[in-house]
Amino acid sequence: MRKILVGMSTCGISAGAKDTYDKLAELLEGGEDQLDITGCIGMCFREPLVEVREGDRRTIFGDVSAKKVKALVDYLNNGGDVPESLVFQSDNGTIEAGEEKHFLEGQTRIVLRNCGVINPESLVEYEAAGGYEATRKALLEMTPEAIIEEMKASGLRGRGGAGFPTGLKWSFAAGNAGDVKYVVCNADEGDPGAFMDRSVLEGDPHAVLEGMIICGKAIGASYGYIYCRAEYPLAIRRLETAIAAAREKGYLGTNILGSGFDFEITIKQGAGAFVCGEETALFASIEGQRGMPRIRPPFPAESGVFGKPTNNNNVETYANVPWIITNGAAEYRKFGTEKSPGTKVFALAGKVAKGGLAEVPMGMTIEEILFGIGGGIKEGREFKAVQMGGPSGGCIPAALKDTPVDFENIPKTGAIMGSGGMVVLDDTTCMVDMSRFFLDFTQDESCGKCTFCRIGTRRMLEILERIVKGEGEKEDPDRLAELGERIKEASLCGLGQTAPNPVLSTLRFYMDEYAAHIEQKRCPACSCGSLVDYVIDPEACTGCTLCARDCPVEAISGVKKEVHVVDQSLCVKCGKCVTSCTFGAVLKTCPAPEAAAVTEEAGQ
Amino acid sequence: MKTLTLEINGKSIEAKAGQTVLEAVEEHGLDKIPTLCHSPELKPYASCFLCVVEIEGRPGLAPACATPVAPGMKVTTKNERIIRSRRTALELLLSNHYADCMAPCMTGCPAHVDVQGYIALANMGEYGKAVDLIRETNPLPGICGRICVRKCEVVCRRNDVDAPVGINNIKRYVTDMPEAFDHDPVREPSRGQSVGIVGSGPAGLTAAWFLGLKGYDPVIYEALPGAGGMLRYGIPEYRLPKAELDQEVDYIKKAGAEIRLNTRVGRDVTLDELRAEHGAVFLAPGASGGKGMYVKGEDETQGVVRGVDFLLEKTQNPEPMTGTVVVIGGGNTAVDVARTAWRLKADKVIVLYRRTRAEMPADEMEVHDLLEEGIELMELMAPVGIVRHEDGSLKALRCVRMTLGEPDASGRRRPVPQEGSDFDLPCDWAMPSIGQTPLVEEILADQEAEPGVSRWSTFDIDTRTMETNVDGIYAGGDAADDGPTVVIDAIRDGQRAARAIHSFLSGEPLEKEPFGVTKEFWARPGKKELGEIPQSPRHEVHTIPVEERKGSFAEVATGYHHEDMEHEAHRCLSCGCLAYDWCDLRLLAEEYDVDMDHFKGYVRKHKVDDRHPYVVYDPNKCILCARCIRTCERVLPISALGLVNRGFQAEMRPAMNDPLVETSCISCGNCIDACPTGALGAKFAYDGRAALALDTEKSHCGFCSIACPITVCSISDSRYFMRPSGVPGEYLCHDGRFGAELFIRSKRLDGPTLREGMEHRAITHGEAYERAAAGLKAAVEKYGPESVGVFLYPDVSNEEMYLAGRIAREGLGTNNITSIAVLETGGTSGALDESFGFTASTADRAALRDADLIIVNNIDPQNYFLILGTEIMDAAKSGAKLVVTGSTRQALADIADLYVDPMRGTAARLWNCITRTLIEEGHFPREAVEQVPGGKAFLASITAYDADTTCQITGVEFNKSHKAAQMIAAAKKVVIVHSPDRSRDLAPGDLQVMANLSLLIRAAGGESELILPSLAANGAGMEISGADPKFAAGRAPAKGLPGARTREELFGMLREGKIKAALVISEDPMSTDRVASYFGGVEFLAAVDWAQTETTLFADVAIPGSTFLESGGTRCNFEGKVQRFSPAVKPPAGAAGWQVLAGLAAQLGLEVPGTVDEITADIAEAARAHLGPHLPFLWNTGEERNWDGSGRLVVADASARPFPRVPAFNAAAFYRRSVREVGLEHFRVGARQ
């Protein structure tokens, strides 16, 4: 009997997996094949994905849109040429063939062990994959101290970004007396370009529940909250399904598995405030208050949700827990580095050729991840930098691509590990504009409490806005650096303390780009709208007049069938001509370097 | 308390565990750490980040307000990095602070005269204060009020509405009032140092004024025979009368200035001599040299006279003249010269100007008058030559016509001569009036000191300090810097020089220029922002008719009439911030030398929300410290304020973004007092909005028996408001915060009156006492003393009650004294005497803090006892259980653990049932109950209160009352709060029922206290002060006089119409028909009240009394504490209430003490004599209560019977009720912005 699975996480669904599924259901109706869904397999760049499982053999086809389903079914039933991309094929865990063989070969899947493998809505499948073994072991065989010791021994560090040792954190919460304690799972993933936690929640929700239950046992809490952003409706639905199933099966509720231990989990939906990813703001939001951070200490282990001792970890951290309990700390330590054991899930996005989810052992270099797994840069362009840690993080330039990705080495570059977003930038990305983008995000998402974060980031943004418009002043980089430092050192929460990072890190590595914008009024990446000239390539122009007709300010002149010209003094840089031209004759250029030379001379 | 050791600024200190770094630093006086968002009574919040400190080992800076101390911590509270961070925080906050610290008129005035302030004072009729305020920056208000160029009006925001406010004319108006000069300036003690000043013009006079006030001895050297410089010799009499000048010069002399006339420096005395004689020298010799026309031969021609010389001569010798006069120039001097010549009857006067009228620098008003007087203005013409008679005298002026070309450096179009347009203008006099130049050579000739001089013959100075390059020599006025300017610039120079000289001579640091932001920093607000302001035409000054001017130097402008001044004052938009003097943001910006340009960027602009009757919210000034929100959270169960939006868009807004007036806001105003800037402000009960100097006086609030400490802030005896004490966490309710509006806006009695039919005739106080005494006496003689009564409202002071009691007993020979309001609420004499042995609260509010159960019966704290309610909420938040009973749901019920709603008038029965349950279930053991005196009878009586009947009568299900019983059984310390005079849920016997419950809890081994807050401010003082039929002063048993023996008896007599004459004090029985009917048979009525009431209108003799802000004396608060009241403002009719009663008593032949303190002492002494030193009233001597908790169980009348709603029996009670229930528009302060 064959099993046919469709990758139905948010990425798949948005690529059309739902239609693919429906079409498959229609065509397979009455047949022997069993159709089912699964979570994200990680290869977002090939969605929709369809997996065919026969015994231990897994074959995955990519780009299977609904209209290609028929051909695929024909092929499966009748053989012949493979009609769709054969993404990869594995047998008994060994990857054998396929276009994207490398993508999975380079990975080590602990957190994502079930993602894209099991049906996330089926507790039976989860159990079949070894699910709830860890819970059974922790609840029936281990003392809280033993669990914490095991966690400490594993060396697992918080995957939310700060990398605080998880076992140690648990021991703090365990050490604080209190009749009521809470386990909180931070599922308020908010970094632009990050979707690791969502994929885990959608692909393997029970693993997170298990992690929380075990944590509850370890710290003496019998109540858990999952704080999930409302923008993740599918994750929430799957969590709800999972919680209901676990409760029915006795993994949640009173006297779990006869252990005498009680545990309940409630989902709290966040209203999409980025700052609620900050734990004290998250607690305030759970309590029904406005999501605003408060000062620490007191730390959550002492006074968290409703003023009670609380342990807060993120989704990925909890998802690691059952694996560690089942396989033991020693096994876990086999992956990763001495100080950063285990694996880390990254979301590859931006200009990388193969965007998606990749779980790799800690210590793998940036180059290995981006080029080995991610397949390098899109369209073969030049790798410029990778942005890590989202709005709190920074850029690692191409020159540092051999930096091992772990908690020790990444911060040395000025970036942070963050929760796992890797936004890849190529030579068409303007670093000033990218800093502006992140700052725009943080200054919008600041809760508005602290002076520096509320007004300081706004002022930084204004400076960046004028730089990208070519109106920057000579002192602006210094102003940015100065204000950035002030904001970092005098903000209450992580959002403010890290908000200037994208700017500070680009100032460190790409000062020349800032200088070009300010002094020469040019954008070396040809990206900043106001600093780019649109010119018509006389070789390519056919004189079709389309661009001239579309130009809103009549800056393009030319007679029919003759080469057209853009009058730069009239051009408002809207870029309409680029899209109008069907011959690719309109080019974006930076002003000629001569102009820069003249400016320099004038300056002297 | 656990302590720990840490190091702050290198000093090892012991701090309490749990303290914050800020608290530790403050406690040990180690530094003054700035903060905007923190206040000690609030939980740490940490948003402003001004309090940052450095903690060793931590990467960033830590907010001291929210960082707890830790052992071994090393803290630095001040260094370069910290200061830089604080400055940045301030710069960021101010970069989004679209506000005006000072009004544009104030910043626009070179001397920074507080225009808004004096306009507000003028509007209040406080002319003397207005002039004094001007003199704080400008000692020549009368002069400036006439001739100032009014830079203030140029920048007045009303320019964008219609026309500027007539600022200068208001200034003249107030200076013309007699109050302006009716008091002498106050000098600081003499410093014995003198300063030499050269020149008595505005710069010299101003410097002399400020130096004189500072205690220096300024000596002015004046070359001419009169003081004033150009003010005397340059500005003609018809514009600035010499008498006005003399008056101001004399006033400056009173500040210590000596003026040596006819003493020319350089001739009669030298600069070096001045230096030797004085500690410092200020050179302000002016610019007396007139400039010529630069035309050949002008100096040799008879008939060519410089304008300034002409004015100098004609001031001293105003001889008439003949011939045609041509004045050359377009400035004020040219106009002055022309108009002077016209007044001296010159045959024809022509003003020649090379541009057009529009470009003339002269005051527009002056040019208007000039033309009105028939003087000819020849535009676009310039002199190029002179035509002489044969005798060398002037025949004509050769002129050329001009056209206007391109704009020049001044922005005005440059006049260009038209070639060949020359012509001769026949004339007898040509008077160039086109500018002056300083004459400094004479002063400097052959001197050792050589102050630098510019090529324009002016002294080179540092314009911030007016220092020359020679130590101790300063220069200003027309002879310094960029040369001749206007009077107000000279005044500024004098001001700055005085400041710098003071610093030079005293060694004190130079006073900083005040910091201030203004909206113009971003952009002039303009029509878009001011568009909604209704237009209102500007009033100009009145002038004398033209025909009266010729040949006369009478002042042309006669100024404003009162209506004009009032009209213009109302046109003022009050742009400047009312929080100017105490705004922490502004003060810190000044301290930290903030640079506004540093982070200039987009500024958010908001509309001011003034829809609330008492609170104005200007979001532009909000710094999001959330102190208002957090304060509101402490005062109300659900905060009326909150935050909306995120990031830069975040704003403090009323809950759900509704207008504040539509939220749960109770108008207590505590948010205003929490605001560290001027974002939240109060509306006043009077006109005039400005940051004005306030007299402050500590007192207590007399609106209810909580008697909260208040600060009375007054501008005058009729403009004042109340504020909290200033102690963090001491709040006020609406009445305490805004209630002064009642006294200011009510119809006050302004003098005693005698009613003759429907007419009220004003009489003197003496006459009033005579008439009142005679009327009462006559009734005593006619009907006997038992037919006369004295009635007072229980919010008058103990002293007034005491005097009223003596008037009744000793003056009229009757025991008939009480309050009708108390009678109406069933008040009985000595209501709890049988239970406790006294009638008062058994503890003070501190008992709430360690209570584990609080029972709130018949009080609605958020409405009537806010401050007590806040303390109850605090206790509940820290763990005390709360039971609330009341027939109407109230805010406190929201946070109560149990809310019980018995029908009105049945609470006593309900509580008896609860008591019965507690006995039956063994929580109050029978044996223990029997041990209490009266216990057996009580046990027998309590069985009547069975659950079923009680449920039927009260409407409360048994499970609720049972739960209450269980909560009492589980509690260790129960505090019962019960209001004895709130008629809503009052029930007969409820006081006894509560007392019994309290005694039973004690008998069962628990602790219990009874607290009795009363709506009337001095309900607790009636018996102790002798205002009760049963008790004389000190609660001594009343002697057997005719009349009632108890309140109940007196009530009966009243209802039966047995009272034939009465003295009514601050009570208004005539306001309701039912009560008025008791007075149907009254033949003589005397009334004392601060307000006009139905009763004072009806009374045969009405005498004005006083409010609690005016009278002094004491009141007994709900805790049994005797609180002092200050006479913070004067009663409008002169006599305080106690003085009126003392006068009346004296008229009746009594000997009464002469001061209010002596009366207080008399009552205190009587109380000690009869009650022992401790119980139950504490006379501010720190005594402890020493009641042993014993008492008697009294079988109370617990029949269910609601009391009628008691009418508000006086103006204050009427006000309190109206504000809450009717929202009385009359008292709501004006919404004018």
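Chain naming here is simple, since letters A, B, ... match the order of the sequence lines and numbering starts at 1 in each. Keep in mind that the numbers below use all heavy atoms, side chains included, and drop hydrogens, waters and symmetry copies.
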Contact origin within A:Leu483 toward chain B - heavy atom pairs under 4.5 Å: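 Just the side chain, heavy atoms under 4.5 Å.
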
Structural part of A:Leu492 lying under 4.5 Å from a heavy atom of chain B: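 Both backbone and side chain.
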
Flag the pair [X] / [Y] as yes when at least one side-chain heavy-atom distance between them is below 4.5 Å, and no otherwise.
| X | Y | answer |
| --- | --- | --- |
| B:Val25 | B:Val53 | no |
| B:Cys675 | B:Cys628 | no |
| A:Ile286 | A:Tyr227 | yes |

Any idea which donor-acceptor pairs are under 3.5 Å between chain A and chain B?
{"from": "A:Arg290", "atom 1": "NH1", "to": "B:Leu643", "atom 2": "O", "distance (Å)": "3.4"}
{"from": "A:Arg290", "atom 1": "NH1", "to": "B:Asn645", "atom 2": "O", "distance (Å)": "3.2"}
{"from": "A:Arg290", "atom 1": "NH2", "to": "B:Asn645", "atom 2": "O", "distance (Å)": "2.6"}
{"from": "A:Ser446", "atom 1": "O", "to": "B:Gly647", "atom 2": "N", "distance (Å)": "2.5"}
{"from": "A:Lys449", "atom 1": "NZ", "to": "B:Tyr45", "atom 2": "O", "distance (Å)": "2.8"}
{"from": "A:Thr451", "atom 1": "N", "to": "B:Ser47", "atom 2": "O", "distance (Å)": "3.0"}
{"from": "A:Thr451", "atom 1": "OG1", "to": "B:Ser47", "atom 2": "O", "distance (Å)": "3.3"}
{"from": "A:Thr451", "atom 1": "OG1", "to": "B:Cys48", "atom 2": "O", "distance (Å)": "3.0"}
{"from": "A:Arg454", "atom 1": "NH2", "to": "B:Ile623", "atom 2": "O", "distance (Å)": "3.3"}
{"from": "A:Arg459", "atom 1": "NE", "to": "B:Ser95", "atom 2": "OG", "distance (Å)": "2.9"}
{"from": "A:Arg459", "atom 1": "NE", "to": "B:Phe599", "atom 2": "O", "distance (Å)": "3.0"}
{"from": "A:Arg459", "atom 1": "NH1", "to": "B:Tyr602", "atom 2": "O", "distance (Å)": "3.0"}
{"from": "A:Arg459", "atom 1": "NH2", "to": "B:Ser95", "atom 2": "O", "distance (Å)": "2.9"}
{"from": "A:Arg459", "atom 1": "NH2", "to": "B:Ser95", "atom 2": "OG", "distance (Å)": "3.0"}
{"from": "A:Arg459", "atom 1": "NH2", "to": "B:Tyr602", "atom 2": "O", "distance (Å)": "3.0"}
{"from": "A:Glu462", "atom 1": "OE1", "to": "B:Tyr602", "atom 2": "N", "distance (Å)": "3.4"}
{"from": "A:Glu462", "atom 1": "OE2", "to": "B:Tyr602", "atom 2": "N", "distance (Å)": "3.0"}
{"from": "A:Arg486", "atom 1": "NH1", "to": "B:Thr88", "atom 2": "OG1", "distance (Å)": "2.6"}
{"from": "A:Glu489", "atom 1": "O", "to": "B:Leu61", "atom 2": "N", "distance (Å)": "2.7"}
{"from": "A:Glu489", "atom 1": "OE1", "to": "B:Arg81", "atom 2": "NE", "distance (Å)": "3.0"}
{"from": "A:Glu489", "atom 1": "OE1", "to": "B:Arg81", "atom 2": "NH2", "distance (Å)": "2.9"}

Atom pair CG/CG of A:Leu282 and A:Asn186 - distance to nearest 0.5 Å: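 A:Leu282 atom CG to A:Asn186 atom CG measures 5.0 Å (nearest 0.5 Å).
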
Rounded distance [0.5 Å steps], CE in B:Met652 versus CD1 in B:Ile623: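 Going from the CE atom of B:Met652 to the CD1 atom of B:Ile623 covers 11.5 Å.
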
Those residues that, when tested against A:Phe441, pass ring-ring contact (aromatic ring centres under 6.0 Å, His included) (two or more places apart):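 Residues passing ring-ring contact (aromatic ring centres under 6.0 Å, His included) with A:Phe441: A:Phe274.
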
Aromatic plane relationship, A:Phe164 with A:Phe172 - under 30° parallel, 30 to 60° tilted, over 60° perpendicular: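 If you compare the ring of A:Phe172 with that of A:Phe164, the planes turn out tilted.
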
Pick from A:Pro298, A:Cys447, A:Gly456, A:Ala273 with the largest number of heavy-atom pairs that fall under 4.5 Å of chain B: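 When all of A:Pro298, A:Cys447, A:Gly456, A:Ala273 are compared, A:Cys447 has the most.
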
Closest-packed option against chain A by number of heavy-atom pairs under 4.5 Å, given B:Gly642, B:Gly60, B:Gly601: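 Of B:Gly642, B:Gly60, B:Gly601, B:Gly601 has the most heavy-atom pairs under 4.5 Å with chain A.
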
A:Leu168, CG: over 12 other non-hydrogen atoms inside 6.0 angstrom: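 Counting other residues, nucleotides and ligands, CG of A:Leu168 exceeds 12 neighbours.
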
